[in-house]
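For the single chain, residues carry numbers from 1 onward in sequence order.
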Amino acid sequence: MVHTQSLSLLPRNGHSAPFVELRQALPSKVAAISPFTEQLMRFILKFRSGDGTEADIEMALHEALANAVMHGNGESSCKSVYVTCRCYMDGEVVITVRDEGRGFDNNAVPDPTFLENLLFTHGRGIYLMKVLMDEVSFEEGGAVVMMRKKANANSVEQRKS
């Protein structure tokens, strides 16, 4: 079950575009990832017009949630994954995914594009997040991932008309 914690419409620091922020928690169950991702994407697309990058956001979100559920929380039913999604009126999206795990060293994750790693069937989630989003950073020892997709021109134009 997904719980909405808050919704706010506030101005953004250093930018004139206001934003809406949604905070939700989901259980550490693999089965919760896809329904949650679909729900959050519907929310995002209310503020960001379709420009072909929505699949990038969806895939990066899915990978971040899978990492949090499986690796961060070890699929423990006692733990939750916390997601904050901030949608700016100009189409920019910032998603933060927090798990209750110990974190990890992002620099110790092997590059899946290196020849010796090409045949591995795992280890591509972080790579995909970094390729698909404009910014990705890890905080609190890797227990928090912040992903940003820049504003899209279509959202700005759509709001003017």
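If you take NE2 on His62 and CD on Glu38, they are separated by 8.5 Å, rounding to the nearest 0.5 Å. To the nearest 0.5 angstrom, Cys87 atom SG is 7.5 Å from Ile95 atom CD1. The distance from the CD atom of Glu139 to the CG atom of Asn106 is 12.0 Å, given to the nearest 0.5 Å. Rounding to the nearest 0.5 angstrom, the gap separating the CD atom in Gln39 from the OG atom in Ser34 is 12.5 Å. In this structure, CE on Met129 lies 14.5 Å from CD1 on Ile57, to the nearest 0.5 angstrom. The SG atom of Cys85 sits 4.5 Å away from the CG atom of Leu40 when rounded to the nearest 0.5 Å.
Residues Met146 and Val136 fail the side-chain proximity criterion, which asks for heavy atoms closer than 4.5 Å. Using a 4.5 Å heavy-atom cutoff, the side chains of Thr53 and Arg48 are in contact. Taking 4.5 Å as the limit, some side-chain heavy atom of Val81 sits within range of a side-chain heavy atom of Ser28. Taking 4.5 Å as the limit, some side-chain heavy atom of Val20 sits within range of a side-chain heavy atom of Phe43. For the pair Ile126/Asn67, a side-chain contact is recorded, criterion being any heavy-atom separation below 4.5 Å from C-beta on. Looking only at side-chain heavy atoms (C-beta outward), Ile33 and Val69 come within less than 4.5 Å of each other. Contact of the Glu54 side chain with the Met41 side chain is registered, since non-hydrogen atoms from C-beta on lie closer than 4.5 Å. Thr37 is listed as a side-chain neighbour of Glu58, based on a closest heavy-atom distance under 4.5 Å.
Using a cut-off of 4.0 Å between Lys/Arg side-chain N and Asp/Glu carboxylate O, Lys150 and Glu92 are scored as not salt-bridged.
When hydrophobic clusters are built by joining Ile, Leu, Val, Met, Phe, Trp and Tyr residues whose side-chain heavy atoms come closer than 4.5 Å, directly or via intermediates, Met70 is grouped together with Val145. A continuous path of ILVMFWY side-chain contacts below 4.5 Å connects Val94 to Phe19, so both sit in one hydrophobic cluster.
The main-chain N or O of Gly74 is never found under 3.5 Å from a side-chain atom of Lys79 such that the two would form a donor-acceptor pair. Counting only distance, with no hydrogens or angles, the side chain of Glu63 and the backbone of Leu61 share no donor-acceptor pair below 3.5 Å. Remark: side-chain polar atoms of Asn73 are not paired, donor with acceptor, to backbone N or O of Glu75 under 3.5 angstrom.
Here the shortest heavy-atom pairing between Leu132 and Ala60 reads CD1-N, 4.1 Å.
Close placement of the Phe104 and Phe138 rings is indicated, their centers lying within 6.0 Å of each other.
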From CA spacing to verdict: side-chain hydrogen bond (donor to acceptor under 3.5 Å, both in side chains), Thr84, Arg98:
CA-CA 9 Å; Thr84 302; Arg98 175 187 308 271; over 6 Å; no
side-chain contact (heavy atoms from CB on, under 4.5 Å) between Asp90 and Phe47, worked out:
CA-CA 8 Å; Asp90 63 4; Phe47 303 97; over 6 Å; no
Tell me, with the steps shown, if Leu65 and Phe36 meet side-chain contact (heavy atoms from CB on, under 4.5 Å).
CA-CA 9 Å; Leu65 292 173; Phe36 182 88; 3.5 Å; yes
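With sequence neighbours left out, Glu135 forms a salt bridge (charged side-chain N to carboxylate O under 4.0 Å, His left out) with Arg148. Residues that satisfy the salt bridge (charged side-chain N to carboxylate O under 4.0 Å, His left out) test with Asp134, not counting sequence neighbours, are absent from this structure. With sequence neighbours excluded, the residues satisfying side-chain hydrogen bond (donor to acceptor under 3.5 Å, both in side chains) with Glu100 are Tyr82.
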